[in-house]
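All of these numbers come straight from a predicted model, not from anything done at the bench.
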Amino acid sequence: MHSHSSEFRSSQDEKRVVITEKTPLSASSITSSSMSYGSADDDVLVSIGAPHIHGDDASIRSSTSQKSSIMEDMKAWMSNVLFGKTANLSKSSEEERRISASLREIATLGADDVLKRFDTGFNGINPSEASERLVKYGKNELSSAVLKPWYVIIFQGLIHPFNVLLMILGILAITVAEDPTTFYFVLAMVILSVGLRSYEELKSQKSFKSMRDLIEPLTRILRPDGNGGFFETEIPIADVVPGDVLTLRPGDIFPGDVVLVESKDLFVSQSSLTGEFLPVEKSTHVNDPESIFDLSNICFMSTSVVSGRGRALVISTGNSTYISTINSTLNSDSMETRNSFDVGVRKVAYLLLGFGLVMVPIVIVVNGLTTGDFYEAVLFGMSVLIGLTPEMLPMILNANLAYGASEMAKHKTIVRKLDAIQTMGVVDVICSDKTGTLTQDDVVLTEHLDSSNVNNVDILRYAFMNSHFSTGLRNVLDSAVIKAAEASEEVKTDYTPSEKGQLYSLVDELPFDFVRRRMSVILKTSATHAELICKGAVEELLDICASVREYTEGSISDVEMSDKYRKKLLAKVAELNGDGLRVLAVATKAIPEEALECKDFSAKDENNLTFLGFLTFLDPPKEDCAAAIEDFKKYHVGIKVLTGDNLAVACKVCKDVGIDTEYVITGPELEEIQDNEEVLNEVVERTTVFAKLTPFQKFNIVNILKKNGHTVGFLGDGINDALALRGADCGISVDTATPLAKDAADFILLEKSLHVITQAIIRGRKTHANTIKYIKMAASSNFGNVFSVLIASAWLPFQPMTGNQILTQNLLYDISQIAIPWDNVDEEYLLHPHQWSADSIFKFMLYLGPLSSIFDVYTFVVLWFYFDYRMPFTDDVKYFQTCWFYVGLITQTLIVHMIRTEKLPFIQRNPSWQLALGTVSVVIVGIIIPFTPLGTNVLQMLPVPGMFYPFLIAAIVGYFIATQIVKKFYIRRYKQWL
C-alpha cells in the first residue's frame with residue numbers, strides 16, 4: 001500500500017475506494033458519489049486535503065470556522081455537564097506510541113548490547129541486585145479494577161437522577177408545603193430503590209470477586225551461582241524486575257515485556273493481545289515490521305510460549321509494559337464515560353423536572369386568582385408538582401433491573417452493572433472480537449488435499465506419521481493433525497502399518513528451524529525399506545520437490561514437477577490463503593538401502609522429494625455462532641467484527657457464520673484516514689470487518705459508532721479488547737477471559753454460548769419495555785391530572801381534590817404498577833431495539849394526558865350540573881372530590897391495560913397474572929376507601945350516591961374506546977407506541 005493512500009476493500013467483488021490527498025471532500029460527495037463504490041472493476045477516487053482559499057474568502061471561512069469551533073466546544077461542555085463526559089484517550093495513545101518506540105529501539109540491539117544496556121549477564125542478576133531493582137522499579141503488578149466499597153455503591157444509587165429529583169420534591173414537601181407524610185413516603189421510595197439496587201450490585205460484585213484467580217503465579221528465572229554457572233529458581237511474578245533472565249518452556253507466560261537472547265524453535269501465542277489464532281514464530285533475529293507485535297525478538301507481558309525453548313531478558317515490568325497502557329487507561333478518569341442508559345435516564349429526569357417547573361407556576365397563579373388564597377394555592381401547587389412526578393419510578397426501574405439480573409443468572413451470566421441489562425436491550429450494533437469469541441480458539445485441520453484438490457486420506461496418513469514420530473515439542477498444528485487422524489476411521493493411530501503389514505519405526509528426524517521452515521522424519525518398515533516424510537511451509541517445501549503424486553481413477557502415479565505445475569500449486573495455495581486458511585505441504589521420498597545403513601541424515605537429504613498434498617488449518621467458528629448471528633439479524637442488531645488477526649482469516653470466519661464481508665478495512669488503512677473525520681465516520685459506519693487493529697483502534701471505532709448515534713455492545717475476551725469493552729455502552733466477556741477483559745466488562749458469561757447474548761438482548765428489551773410502560777403511563781396520567789386541575793382551578797370555587805387525596809390516588813396507582821417487571825411484552829416490540837427518548841415521552845404525554853382530561857371535564861360537568869355539587873365549605877366539596885377520586889383512580893389504573901400493548905387488550909394480548917391481580921385489587925381498595933375511617937376522617941371523603949355509578953361506568957368505557965382510537969392514530973403517525 002502506498003504511503004499516502006488507503007484502500008477500503010470489498011472482499012467479494014474487489015470494489016475499492018482509493019483515498020488520496022488531493023482535493024477537499026464534502027459530505028455530499030460522500031453520500032452521493034464517493035461512497036457509491038462504482039462498479040466491480042472501477043476505482044472511485046475520494047480526495048482528502050485542504051482546499052486552496054484566496055483572500056477574503058479565507059478570512060471569512062476562518063472566522064466562521066472559529067465561531068463554529070466555539071459553538072461546538074460550548075455544546076460539548078453542556079453535554080458533559082448534563083449527560084456525562086465522553087472518553088478521551090489522547091494521553092494514553094501518546095504513552096502507547098512512546099512505549100512502542102522504545103521497544104522498537106531495543107529490538108535493534110544484539111544480545112550482547114542489550115545485556116550490557118540492562119547491566120545484566122547471560123545468566124541473570126544476583127539476588128541482592130534483584131532486591132535493589134525491586135525497590136527501584138516497584139512490584140511487577142498491574143492495578144486491577146478496584147471493587148467498589150458498599151458505601152460507594154449506596155452513594156451512587158442515591159445520586160441517580162430520579163432519586164435526586166424525588167429527594168428535591170420531598171424537601172419541598174416538608175419545608176414549603178409542610179407535608180411530612182409526602183416527605184416520608186418519598187424517602188421510603190428512595191430507600192427501597194437504593195436498597196434493592198445496592199443489594200443486586202453487591203451480590204454480583206461478590207460473584208465476580210470469587211471468580212478472580214487467588215493463587216499467586218510463579219515464574220522461572222536464572223541466577224548466577226558465583227562460579228561462572230547458573231541455577232534456576234522460581235519467584236513470584238510480582239518480584240520480577242528489569243534485568244532478570246527467564247528460561248522459556250512451553251506453557252510459560254511472559255511476566256513482562258522481554259527481548260530474546262537465545263531461542264530454538266520458539267512459537268508464542270499472542271492471541272490475547274493481537275487476536276491472531278495461530279502462534280507466531282519468535283527468534284533472536286532482528287527485523288523491522290509494520291506492527292510492533294511482529295517484532296521477531298520481542299515478546300509481550302501476558303503472552304505465552306506454545307513450543308520451543310529459549311532465554312529472554314526482562315526489559316520492562318508493571319506499569320512500564322505495553323499492556324500497562326491499556327490497563328492504566330481502563331483505570332483512569334477518562335474512561336468514566338456515559339452510556340446510552342445514563343443519557344436516556346437523565347433526559348427523562350430533566351423532562352419531568354422541566355415540565356413541573358412550567359406547569360406548577362401556572363397552576364398556582366390560576367388557583368390563587370380563582371380562590372383568592374395564594375398561600376393555599378402555593379401548597380396546592382407543591383402537591384401538583386409532587387403528583388406530576390412518578391414517585392415510584394426509581395423503585396419500578398430498579399425492580400425491573402433486579403428481576404432482569406435474576407433471570408440472567410439462570411443463564412449463567414454475572415451482571416456486574418445493573419444498568420447494563422437495560423442497555424443491552426437498546427443495543428443496535430454489536431462489535432465482536434474474532435479469536436475465542438466467534439471462534440473456538442482451537443486450531444483444527446480442515447482439509448488434506450492431494451494435487452487434484454481432493455480430500456485424500458493418504459495425505460492425512462503421511463502427515464500423521466510426520467507429527468506422531470516427531471520427538472521434538474509438538475506445536476498446535478501437529479496436535480491438530482494428530483487429532484484429525486484419531487477422528488478418522490481410515491487412519492490407524494495406535495500403530496501405523498505399511499502396505500505389507502509391517503510397523504514403521506523412527507530412524508532419525510530433521511527438526512524444524514526458521515531457515516528451512518520444515519521438519520522431516522525418516523521411518524523404516526524393514527531392514528531395506530525406509531522413507532523420508534517432510535511437512536512444512538509450502539514454498540520452501542516445493543523448492544525441494546522433483547515430482548508430484550497424482551491420484552486419478554484409482555491409480556497413483558508420480559509426474560515431474562514442472563514450472564507450470566509449481567505455479568498451479570502456488571495459485572491454489574494463494575486461493576486457500578485468501579480464504580483465511582493456514583497451509584502446509586507434505587512430501588516424501590524413498591530412502592535407499594545404502595543411505596539407511598549410514599544412519600547419518602541431514603538437511604541435504606531433503607531433496608528430490610515427491611509432493612503429496614496440502615494441509616489446511618483454521619480456528620473454526622463456534623458451533624452456535626451462525627445461529628447466534630441469525631438471531632442478531634432477527635432482532636435487528638448489526639454485527640461488526642473488530643480483530644487484530646489478518647484480513648483473510650477474518651473474512652473466512654465471517655463468511656462461514658453469515659456476516660457480510662462486502663466492505664472491509666485494515667488498521668493501517670484506517671490510520672491513514674484518521675485525520676479526516678468525515679470520511680472516517682462514513683467508513684466505520686459502512687464497514688463490517690476490521691482487521692489488523694490495535695487495541696486503541698478498536699476503542700476508537702466503538703466511540704465513532706456511539707458518536708454516530710448507535711448504542712454499541714462489545715464482545716471480547718483478550719487484553720486487546722479491554723479498552724473497547726470499557727468504552728462500549730455494554731461490554732460482554734467470558735469467565736475464561738484475561739483479567740483485564742473481565743475487569744472492563746459489564747456482563748460475564750459463565751458458559752461460552754453466544755445464545756446467552758440473544759437472551760440478554762431479549763431480557764434487556766423486556767426490561768426497557770416494562771420500564772418505559774410505567775414512565776409513559778404515569779407521566780401522561782399525571783400530566784392529565786395536572787391539566788384537569790388547571791381547568792378545575794379556573795372553574796371551581798374550591799379545590800377539585802386535596803393534596804392528600806392526590807397523593808393517595810398516586811400511591812394506589814403506583815402500587816398497582818409494582819407487578820410491571822413481570823408483565824408480558826409484545827413479541828413485535830422485542831424484534832427491534834428501542835432507544836430512551838424524552839421526545840417520545842413528551843409526545844405521549846401531550847396525546848394521552850389531555851385525553852384523560854376530557855373525561856375529567858365530563859365528570860366535572862356531571863357533578864356540577866346533574867348532582868349540583870357547587871357550594872364551597874359544605875359536603876358538596878367532599879362528594880365532588882370523592883367522585884373525581886373514583887374516576888381518576890379507576891380510569892388511571894385500568895387504562896394500563898390499554899397502554900401496555902399496541903394490540904387490543906384481553907383479546908389480542910393478555911397481561912401477566914401479577915399485573916392483572918394488582919390492578920383489580922387496587923380498584924377494589926380504591927372503591928372501599930370512602931367507606932372507611934381512613935377515607936372519612938383522614939382524606940375527608942364521603943360515600944358517593946348510587947346514581948353516580950352509571951356515569952362512572954360510562955366514563956371508563958368511553959375512556960377505553962377513546963384511548964384505542966388515539967392509539968391507532970398515534971401508531972400510524974409515529975410508527976411506534978411504547
Side-chain angles (χ1 to χ4, degrees), residues 102-103 105-141 215-270 279-286 295-318 320-322 471-475 511-515:
S102 175
L103 290 172
E105 191 263 330
I106 291 173
T108 63
L109 304 176
D112 291 338
D113 291 334
V114 77
L115 289 170
K116 183 178 180 180
R117 177 167 178 169
F118 284 87
D119 194 21
T120 188
F122 192 68
N123 296 329
I125 54 179
N126 59 53
S128 61
E129 175 66 19
S131 299
E132 291 178 9
R133 295 191 184 192
L134 188 61
V135 173
K136 178 180 179 181
Y137 295 106
K139 286 283 188 180
N140 180 29
E141 294 175 332
I215 300 174
E216 183 179 43
L218 302 175
T219 190
R220 277 188 315 277
I221 62 165
L222 298 181
R223 291 281 187 246
D225 61 8
N227 299 316
F230 65 89
F231 63 92
E232 279 189 11
T233 184
E234 287 190 338
I235 64 171
I237 284 180
D239 292 341
V240 172
V241 295
D244 274 331
V245 174
L246 313 172
T247 58
L248 305 178
R249 295 172 190 164
D252 287 348
I253 296 175
F254 291 101
D257 292 342
V258 306
V259 61
L260 298 175
V261 293
E262 182 181 80
S263 68
K264 179 175 175 57
D265 305 335
L266 190 66
F267 282 81
V268 172
S269 172
Q270 297 186 152
V280 294
E281 301 169 1
K282 293 288 184 177
S283 69
T284 56
H285 298 132
V286 175
L295 289 167
S296 61
N297 60 343
I298 297 290
C299 300
F300 298 88
M301 187 179 196
S302 291
T303 60
S304 59
V305 178
V306 175
S307 62
R309 293 186 176 88
R311 288 191 188 189
L313 169 67
V314 178
I315 55 178
S316 54
T317 58
S320 298
T321 58
Y322 179 84
T471 60
L473 293 167
R474 291 173 182 163
N475 60 33
F512 177 91
D513 63 55
F514 287 100
V515 178

Stepwise, does the side chain to side chain contact (heavy atoms under 4.5 Å, CB included) test hold for Val259 with Arg117? CA-CA 12 Å; Val259 61; Arg117 177 167 178 169; over 6 Å; no
Looking only at heavy atoms, what is the nearest atom pair of Arg311 and Asn123, with distance? NH1-OD1, 2.9 Å
Indicate the atoms forming the closest heavy-atom contact of Leu115 with Gly121, along with that distance. CD2-O, 3.7 Å
Provide the closest heavy-atom pair for Pro242 versus Ile315 in the form atom of the first, atom of the second, distance. CB-O, 4.1 Å
Close side-chain approach of Asp239 to Lys139, heavy-atom, < 4.5 Å: yes
Enter the distance from Ile221:CD1 to Ile125:CD1 here, rounded to the nearest 0.5 Å. 7.5 Å
Leu260 vs Cys299 side-chain heavy atoms within contact, under 4.5 Å: yes
A side-chain contact here means heavy atoms from C-beta on lying under 4.5 Å apart; do Leu266 and Arg309 qualify? no
What are the two closest heavy atoms between Thr219 and Val240, and how far apart are they? CG2-CG2, 3.5 Å
State, with a plain yes or no, whether a side-chain heavy atom of Val241 is found less than 4.5 Å away from one of Thr317. no
Could you tell me whether the side chain of Asn140 and the main chain of Ile237 form a donor-acceptor pair under 3.5 Å? yes
Taking every heavy atom of Leu313 against every heavy atom of Val114, the minimum-distance pair comes out as CD2-O, 3.7 Å
Rounded at 0.5 Å granularity, tell me how far OG1 in Thr233 sits from CZ in Arg220. 11.0 Å
In terms of heavy-atom contacts, Phe300 and Asp257 come closest through CA-OD1, 3.5 Å
Between atom CG of Leu222 and atom CG of Leu246, what is the distance when rounded to the nearest 0.5 Å? 8.0 Å
Using atom types as modelled and distance alone, determine if a side-chain donor or acceptor of Ser269 lies under 3.5 Å from a backbone N or O of Val306. no
To the nearest 0.5 Å, what is the distance between CG on Leu109 and CZ on Phe118? 8.5 Å
Electrostatic pair Arg223-Asp244, nearest N-O below 4.0 angstrom: yes
Measure the CD-OG distance between Gln270 and Ser304 for me, rounded to the nearest 0.5 Å. 9.5 Å
Atom NZ in Lys136, atom OG in Ser131: separation rounded to 0.5 Å? 14.5 Å
Should Phe254 and Val268 count as side-chain neighbours, where that means a heavy-atom distance under 4.5 Å? yes
